[in-house]
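Scroll down for the structure; my scribbles are underneath it.
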Amino acid sequence: MRLFSLTKLVLTLIVFCGIQLNSYAQQQPEFLEYTNSKWVDSIMQDLTPNERIAQLIMVAAYSNRDLKHKEAILKLIKEQKIGGLIFFQGTAKKQVQLMNDYQLVSKVPLLGAIDAEWGLGMRLDNTISFPYQMALGAIQNDTLLYKMGEEVARQVKRTGLHMNFAPVVDVNNNPNNPVINYRSFGENKEKVAEKGIAYMRGMQDQKILTTAKHFPGHGDTDTDSHKALPQINHPFTRLDSLEMYPFKKLIDAGIGGVMVAHLNIPALDSSGVPSTLSKKIISGILKEKLGFKGLIVTDAMNMKGVTTGNEPGVVDKKAIIAGNDLLEFTEDVPKAIAEIRKAIDQGIISQAAIDEKCRKVLAVKQWVGLNHYEPLKTANIDKELNNSYAKYIQQKLVEKSLTVLKNEQELIPLRRLDTLKIASISIGADKKTAFQENLGWYTKIDHFQLKDKATASQISAVKEKLKDYNVVIAGLHDHSKYPRNVIRYSDAVLKFIAEIAQNEHTIFSVFKNPYTLNKMDNIEDAPVLIEAYQDSELSEQKAAQLIFGGFKADGKLPVSVGKKFKAGDGLETSEKIRFAYTTPQDAGMNADFLASGIDSLMQQAMDAKAIPGGVVLVAKDEKIVFQKAYGLHKYSDTVKTKTSDIFDLASVTKISSALPALMKLQDEGKFSLEEGIDEYLPYFRNSNKAGIPFRQIFAHQARFKPWIAYWQNTLRKNGSYKWNTFKKDSSARFPVKVSENMWLHRNYKKKIYKAIKKSPLEDKAEYKYSGLAFYLLPQIVENLTGEDYRKYLDDNFYSKLGATTLGYRPMESFELARIVPTESDFDFRHKPIHGSVHDEGAIMMGGVSANAGLFSDANDLAKLMQMYLNMGEYGGERYIKEATFKEWTKTQFPDNNNRRAIGFDKPNLEYAGPNNNTAKDASTASFGHTGFTGTMVWMDPKQDLLFVFLSNRVLPTRDNTRLYSLNTRTQIQQVLYDAIKK
């Protein structure tokens, strides 16, 4: 026994010496320099002994309660002179108003605190929630946590408070922990410490006091201290080396506060008292052995873990005697003051000790600036709290937390979209999820849902449908507020999950606590398994983007999951290959400037009735950073424009259809810019257009007439149609639909070709925009490929890009309500144009022309344009050789005062002022095109910048040219460049 006691003593000395040796480099809390400042001295001199006790008390305040609650708080401030408030549920605006009112009547400025472990969203409505700490534990870049800490601090200060009861640095090594769990950085003590320090420093560098909690470690328990007193039975050596490790590191790093938990830890105090009331733990270990000189705060004094067997007031006295400096959530303030006063009178604690604690609290108040207190304004507070930078940090944290645990054969990011038939299934959902919405941004996907208690028949029906797909993307959802280690799925649903997990091409994204993976059979067998940690709209969006290569994954699992996965597991995906959907800051643009600039110019255009509405999309660095719909489909309508609406692209068709096809055919040696139309269409060999090279034609320097009004040739002098042109009903001879009651003769296409062939040439070879040759290009592509023109474009470009709305004749695939109307045509078709191409020549070609006829939503059009911006590559696949693309996007005849590239438009050779065809800052390397219906696309390789503008300015008439006079499109384009400069 003596040998055992001696060994124990030696071990204790070794541990003690280790603590002391480790503390030599300890950084003291900054606020301590004010404990004897002039301001603190002056306040101390003005406080009675009882008022000094009251400074150690912080009561609970709410901003969502009635006047009675406010009056009760005011009474405590006025009569008891309490030192501070901890705010709970409510709103930011109301909290600021209340704090201003409370400060107004307080003798000493109040210290305001809040539990904002994951930001103000933990307590306040309509504020930002950052990811829970379990998700943050997966992030490999702690700089992001520091930045989050800075932003959380700014937000806490903006709501009138000065102290955040965070970070949680409990090491969560018990999966069944009901109160810490997802609030912990994980099970690795070093990682917990590192991330806790990063988060703490971010906050304290912004002058918000932080508290490491819950000392000496609340991680290894399955009892909730809100409901009972948990017991931790580990020996001292284990507690010192593991549970207390992060606290030591944060203390060494200069954390201002430590919160003590309500725990029964026999190895540290055999008396059975909660750690909050233990002098051995607080004074003996935290203060003496660990050398902590900062502010020691109790956990809430209304929790069952400390109140059981202890009266209000009496329990507060015990906490102060044990060594705590600040009492959180005191339930009976007068009694607490009286009990502490009694302890002083009885000599249990000295007035000097109380004064020392009071000075600490006052020093904190000076450090956070309360010695120069000023009321806060409530104006714009919601906007300021939901600021663009905070949203950027929020997105980056979620993005960097996503953890790929399985990725067999590098299935993600998904490639060759044209070979995939994809289904998504959201399990635990009864309607289309944000996950599914965002998956649909990338390609055509069929969506299914299964409720968490789905029946066998419901599951069987879904299983049968999934047989038709070669990729299944499954989202496991848990729409509860907190991602606890709970599975609510029925046995039948769990069995279904286990079955599809063993399919060869199933991708799982788990929007649940990682510990739940251990409760699902076979989940570890899934070819792709992504852990997303929580079910939020943002985590769903980012998981969808990860699957399609919007960004690379590098998260690492912060906890072990049974025998399936161990802490530190996590694969890096190979590369970013497609759009990310993110914030302007993520691409180095000023979000507020960008949004306000575009909004104001769009509003100006709509107010001037230049356009009824439209969609603007901006991408930079292959990231869509802005996509917004404005206005209505029609001036006289109530249908709001959506970003998913499909627009008539007009002449943007020229660079989006035959042009990429011909570039590809040039790469294959089948097409040459030095040849003329007659080389590919023998019908033109004896025409005045024979021998004119396509380089000149596409640069609009071939002397071609600008256009021909083909439809006018169908009319008699009396205005009726010639008998061999149109009929009211379709037939074998009249199969070309122009409108519901206009069917064109099958051979009229030949008349269009003849009109082009016979058209005279301009006298001078100079720049003159002409669309004539573009009517001929579909036939040339078909002659060179032996394939149907539309099918060739879809097979080689649109389907591969996932651009499912980009194509001709949209009514064949989409509902009319999704297609934006154009002009009311009273000259030719005698009806409003809706669902078919606006251009008369293109509709007479059956709606399929390289001059006009393409429709698309902004997102899908942007995919093609990003491929152009990438010089022929997108989605991990090369479509066109880089050298080819550079040649086609280069100005061809600048010496002839011609700015045009091959098919593409270019900036004016000299800037022409406010009415220039591009923004002033658009580089000479930039290229794009505009469309008659009010569209524009423009790419700038120098800035990796993409601009898409879709509108229907021709509604109700093409005579409305206000969009041109306002120059809205290029003014918006300039905003993009200015946002980069900002």
To check you understand the geometry: which heavy-atom pair defines the closest contact between G440 and I445, and what is its length?
N-CD1, 4.3 Å

Given Y798, F855, F814, the one that forms side chain to side chain contact (heavy atoms under 4.5 Å, CB included) with T805
F814

Considering only NZ, NE, NH1 and NH2 on the basic side and carboxylate oxygens on the acidic side, decide whether K863 and D860 come within less than 4.0 Å.
yes

Ring centres of F774 and F698 under 6.0 Å apart?
yes

Could you tell me whether Y874 and F579 have their ring centroids closer than 6.0 angstrom?
yes

Could you check whether atom CG of N747 has more than 12 heavy atoms from other residues, nucleotides or ligands sitting under 6.0 Å from it?
yes

Under the ring-ring contact (aromatic ring centres under 6.0 Å, His included) test against H745, which residue among W723, F734, Y721 passes?
F734

Near K465 NZ, under 6.0 Å, is it more than 12 heavy atoms from other residues, nucleotides or ligands?
no

Is it the case that more than 12 heavy atoms not belonging to E674 sit under 6.0 Å from its CD atom?
yes

Inter- and intrachain pairs under salt bridge (charged side-chain N to carboxylate O under 4.0 Å, His left out), touching residues 609-619, at least two apart:
none

Would you say the side chains of S426 and T433 form a donor-acceptor pair under 3.5 Å?
yes

Would F885 and Y879 count as a close aromatic pair, with their ring centres under 6.0 Å?
no

More than 12 non-hydrogen atoms from neighbouring residues, nucleotides or ligands closer than 6.0 Å to CG on D763, yes or no?
no

Can you tell me if K751 has over 12 outside heavy atoms packed within less than 6.0 Å of its NZ?
no

Using side chain to side chain contact (heavy atoms under 4.5 Å, CB included) as the criterion, list what pairs up with S730, not counting sequence neighbours.
W743

Count the heavy atoms of every other residue, nucleotide or ligand shown that sit under 6.0 Å from CD of E675, and state whether that count exceeds 12.
yes

Heavy-atom count check: over 12 atoms from other residues, nucleotides or ligands less than 6.0 Å from E504 CD?
no

Would you say the ring centers of Y748 and F726 fall short of 6.0 Å from each other?
no

Would you confirm whether the ring centroid of F927 sits within less than 6.0 angstrom of the ring centroid of Y868?
no

Does S951 reach the main-chain N or O of G934 with its side chain, forming a donor-acceptor pair under 3.5 Å?
yes

Can D857 and R818 be counted as an ion pair, charged N to O under 4.0 angstrom?
yes

Under the side chain to side chain contact (heavy atoms under 4.5 Å, CB included) test, which residues partner R790, sequence neighbours left out?
D788, Y808, R809, E812, V848

Side chain to side chain contact (heavy atoms under 4.5 Å, CB included) partner of T653, chosen from L854, D648, T935
L854

Kindly check if the number of other-residue, nucleotide or ligand heavy atoms within 6.0 Å of NZ (K727) is above 12?
yes

Less than 4.0 angstrom from a charged side-chain N to a carboxylate O is my criterion; do E887 and R695 meet it?
yes

